[in-house]
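The first residue in the sequence is number 1, and the count goes up from there. Both backbone and side-chain heavy atoms feed into the values below; hydrogens, waters and symmetry mates do not.
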Amino acid sequence: MNLKEKRQREQDEMKLRRMEHVLDCAFSLFCEHGIDSVSMNEIALNAEIGVASLYRYFVTKESLAIQCAKQAWDIVADEFAVLFEDPEYKEKTGFEQIIVIFSIFCELYRSKEEFFRFICYFDSYIHRNNVSIEALDSYEAGIQGTKEIVMAALQKGFDDGSIRKELRQNDNGETLYYTLMHSLFALAQKLSVSGTMLAMNKKVSGSAQMKTLSQLLIAALQ
């Protein structure tokens, strides 16, 4: 590697670190205040960079928000990806794999509640601003990996008989997948945003509600 190539590599690595820092700062602000109410100026100030530099990295707040969402999902996807490397997981029935997946999901709510709060704000922001499906391609690609893990467990369950075959329907479990995941996500998002808004809500923890819903969904699979 010559001197010019070395300098270029160092510049690229520095730019990557700065972008990651900006994404972390933006994510924190979005989680706390929502996406619509946070300005690019506030993000630049929080990240301790000039707003002109911020716009060089991310042309619009929309592109910044989407990249934040992609990064957030990548972190979650890593939590599930390790399952494929676990020999014990591979030996489990499809039903048992779903139990493991749901337990990880509940733990994610407990340890990364801000992720679900951000996704709630992000979904609302995308809807209100009529962001195109094409603009969300990279974000959707990040979700796809997690979907494949859950779908693989469902398919194994159908094949080994540990999950009710009638739930497969005519789409090889697609409807079941979305019903399960949307149910868990809807509760996690609700709890992360307004789970303790009322005094009555504080009587039962969010983690307990997530665990209960998970148990109900799992029971329905057999």
Going from [atom1] on [X] to [atom2] on [Y], what distance comes out if it is rounded to the nearest 0.5 angstrom?
X    : Y    : atom1 : atom2 : result
F102 : L217 : CZ    : CG    : 5.5 Å
L213 : Q209 : CG    : CD    : 9.5 Å
F118 : I35  : CZ    : CD1   : 4.5 Å
I98  : S103 : CD1   : OG    : 10.5 Å
L154 : L167 : CG    : CG    : 9.0 Å
S205 : R110 : OG    : CZ    : 11.0 Å

E48, CD: over 12 other non-hydrogen atoms inside 6.0 angstrom: no
So, the side chain of [X] versus the backbone of [Y]: is there a donor-acceptor pair under 3.5 Å, distance only?
X    : Y    : answer
K156 : M151 : no
E96  : T93  : yes
N129 : Y125 : yes
K61  : V38  : yes

Which residues pass the side chain to side chain contact (heavy atoms under 4.5 Å, CB included) test with Q169, sequence neighbours left out? D171, T175
Report the C-alpha distance between V59 and Y55 in whole Å, list the side-chain angles of each, state the deciding distance to 0.1 Å, and finish with yes or no for side-chain contact (heavy atoms from CB on, under 4.5 Å). CA-CA 5 Å; V59 180; Y55 276 109; 5.7 Å; no
Can you find a pair of side-chain heavy atoms, one from F158 and one from L176, that are under 4.5 Å apart? yes
Are any non-hydrogen side-chain atoms of Q189 and D123 less than 4.5 angstrom apart? yes
Residue pairs meeting side chain to side chain donor-acceptor pair (under 3.5 Å), one or both in residues 213-222, sequence neighbours left out, come to none
Is there a donor in the side chain of S162 and an acceptor in the side chain of D160, or the other way round, less than 3.5 Å apart? yes
Side-chain H-bond candidate by donor/acceptor type, Y178 with K147, under 3.5 Å: yes
Give me the atom names and distance for the closest heavy-atom approach of A72 to F27. CB-CE1, 3.9 Å
Could you walk me through whether L64 and L23 pass side-chain contact (heavy atoms from CB on, under 4.5 Å), step by step? CA-CA 7 Å; L64 173 56; L23 288 171; 3.6 Å; yes
Please determine whether side-chain contact (heavy atoms from CB on, under 4.5 Å) holds for the pair Y89 and I149, giving the CA-CA distance in whole Å, both sets of side-chain angles, and the decisive distance to 0.1 Å. CA-CA 12 Å; Y89 175 81; I149 292 173; 4.2 Å; yes
Does [X] pair with [Y] as a salt bridge, N-O distance under 4.0 Å?
X    : Y    : answer
K70  : D74  : yes
D159 : R168 : yes
E114 : R117 : no

For residues 131-146, please give each side-chain donor-acceptor pair under 3.5 Å, one per line with the distance, not counting sequence neighbours.
residue	atom	partner	partner atom	Å
S132	OG	A135	N	3.2
Y139	OH	W73	NE1	3.2

Using 30° and 60° as the class boundaries, would you call the ring planes of F116 and Y109 parallel, tilted or perpendicular? tilted
Going through the distances and angles, do S207 and K211 end up as a side chain to side chain donor-acceptor pair (under 3.5 Å)? CA-CA 6 Å; S207 293; K211 183 178 179 180; over 6 Å; no
